[in-house]
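Single-structure report; data block below.
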Amino acid sequence: MKLWEKGINPEPAIIEFTAGKDRKTDLALTKWDIIGSMAHVIMLEDVGLVSEDEKNGLLKALHSLFVWDEEGSLVIENDVEDIHSQIEKEMSSILGTTGKKIHTGRSRNDQVLVDIRLYTREEIDKLSVLIRNLFTRLQSLSEQYKEVLVPGYTHMQPAMVSSFGLWFGAYAECLADDVLLLTGARALNNQNPLGTAAGYGTTLPINRKLTSELLEFDDLLYNSAYASLSRGKIEMAIASALASVAQTLSRFSMDVCLYMTSEFRFIDFPDEYITGSSIMPQKRNPDVFELIRARANVLQTLPNQIAILTTNLPSGYNRDLQLLKQLIFDAFGEMRECIEIMLLMLNNIKIKKNITENPLYNSIFSTEEVNRLVKQGIPFRDAYKAVSEMVRNSTFSKTSLSDYVHEGSIGNLCNKEIAEIFENRMKSFKNKTAAELADKMMHHVTPPNSTNGGL
Ligand code: ARG
């Protein structure tokens, strides 16, 4: 069954190739396709394109499909191209002629646009919860180990005194900025493309503002041709935000791999959380963090993949865009798995104490010594030269740690301030679940008594 069949039997190989992975990929969109259709039906009745009875019947049939999908019984059949076609087929078999009215004033092009936006909106919201868990864990580790010193590096050379408080807290603040990018992508995403049809609108008197309100979009995407163009642009914005989170995960994982080496030995994990070698009995390998690093690095290529897929595409719908779905849907799954396993590891991390007692790290106190002289009134450059001389002659020996008082230093981490910024940004992730939206749509079914008899 093809929605566009006109009496000529399409060549099966062509159908298989063009449907591609859609029969599987589109299942992630099923509930959103149904909810988008519910909003569309309510609007069609409001503007007089379907009757009240027809609206009631259509909404009830759509709701039964929603329930089937929740039970896992709704599938895309082999001779059906995609989820939009499957839903229309189901509606026609439940309601006959009335079911065929569901596509009035829309195209699969705006349907898929709205489905993807509703899907990604929920995925972003769900991801934000996981990011908050990771943020909270990093901040609590930062507080727990704020007194434990560790060398800070520049150029991979021991540089200055740092602490585990500063290290964990740095990645927490990193996530706070990633979340800001995610709120930006979410705001771009939360505009309604429904009603732009194939990309050039419709002569039917549809009410696009109504569907925007029903689906709880912030506003509508006005220009019909831009709605088509926005496919790829939205994915790019989301991918860039995901890539930023991925960068945070990847760099943290690299630090962990380095700090676990026998040369560093700053941190460790219980034996149950690390892996070994089939030949070298002594090996304790950080495979989990190596794989997070690799998977997060692949996630960082996502904006590039999207850029290349959409480069030189003319305006209007092009089938190339179909492949964007798989890329972006998979990315959410990858991200979720990486964060979940990282949380498990961080719940079991072991921190080594007294690292900076090792004479190897003597020199990281030299800048402290320069500052001590500066506080006594010696010009900075003279103090620097005097201490350099001591370091060169190996006469410099570690002094006690001075106070760090300014914001963001090891003595004043400002984790509370960072948490406040983070929580403020988190306020953007707040839409209803699919089930809540479906319930809300069902309130538009009018009770039998108030209609002229119902179906
Ligand atoms: N599977 C298609 C996609 O994801 C749905 C839209 C089909 N539109 C069309 N004009 N062939 O892009």
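Atoms within a ligand are numbered from 1 in the order they appear, just like the ligands themselves.
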(message) With a 3.5 Å distance limit and no angle check, can you tell me whether Asn318 reaches the backbone of Gly316 through a side-chain donor-acceptor pair?
(response) yes

Got a list of side-chain donor-acceptor pairs under 3.5 Å for residues 62-70, not counting sequence neighbours?
| from | atom 1 | to | atom 2 | distance (Å) |
| --- | --- | --- | --- | --- |
| Ser64 | OG | Ala61 | O | 2.7 |

(request) Using the test side-chain contact (heavy atoms from CB on, under 4.5 Å), find all partners of Asn189 that sit at least two apart in sequence or belong to another chain. (result) Arg117, Thr120, Arg121, Ile234, Ile238

Do any nitrogen or oxygen atoms of ligand 1 lie under 3.5 Å from a protein nitrogen or oxygen, and which ones?
| from | atom 1 | to | atom 2 | distance (Å) |
| --- | --- | --- | --- | --- |
| ligand 1 | 1 (N) | Asp22 | OD2 | 2.7 |
| ligand 1 | 1 (N) | Gln322 | OE1 | 2.9 |
| ligand 1 | 4 (O) | Arg231 | NH2 | 3.0 |
| ligand 1 | 4 (O) | Lys325 | NZ | 2.9 |
| ligand 1 | 8 (N) | Asn109 | OD1 | 2.9 |
| ligand 1 | 10 (N) | Asn109 | OD1 | 3.2 |
| ligand 1 | 12 (O) | Arg231 | NH1 | 2.8 |
| ligand 1 | 12 (O) | Arg231 | NH2 | 3.4 |
| ligand 1 | 12 (O) | Tyr317 | OH | 2.4 |

(message) Determine whether Trp167 and Phe252 satisfy the following criterion, ring-ring contact (aromatic ring centres under 6.0 Å, His included), listing intermediate values before the conclusion.
(response) CA-CA 9 Å; Trp167 182 60; Phe252 181 75; 5.0 Å; yes

(message) Which label fits Phe422 and Phe135: parallel for a plane angle under 30°, tilted from 30 to 60°, or perpendicular past 60°?
(response) parallel

(message) Taking salt bridge (Lys or Arg N to Asp or Glu O under 4.0 Å) as the definition, give me every residue that meets it alongside Glu122, ordered by chain and number, with sequence neighbours left out.
(response) Lys31

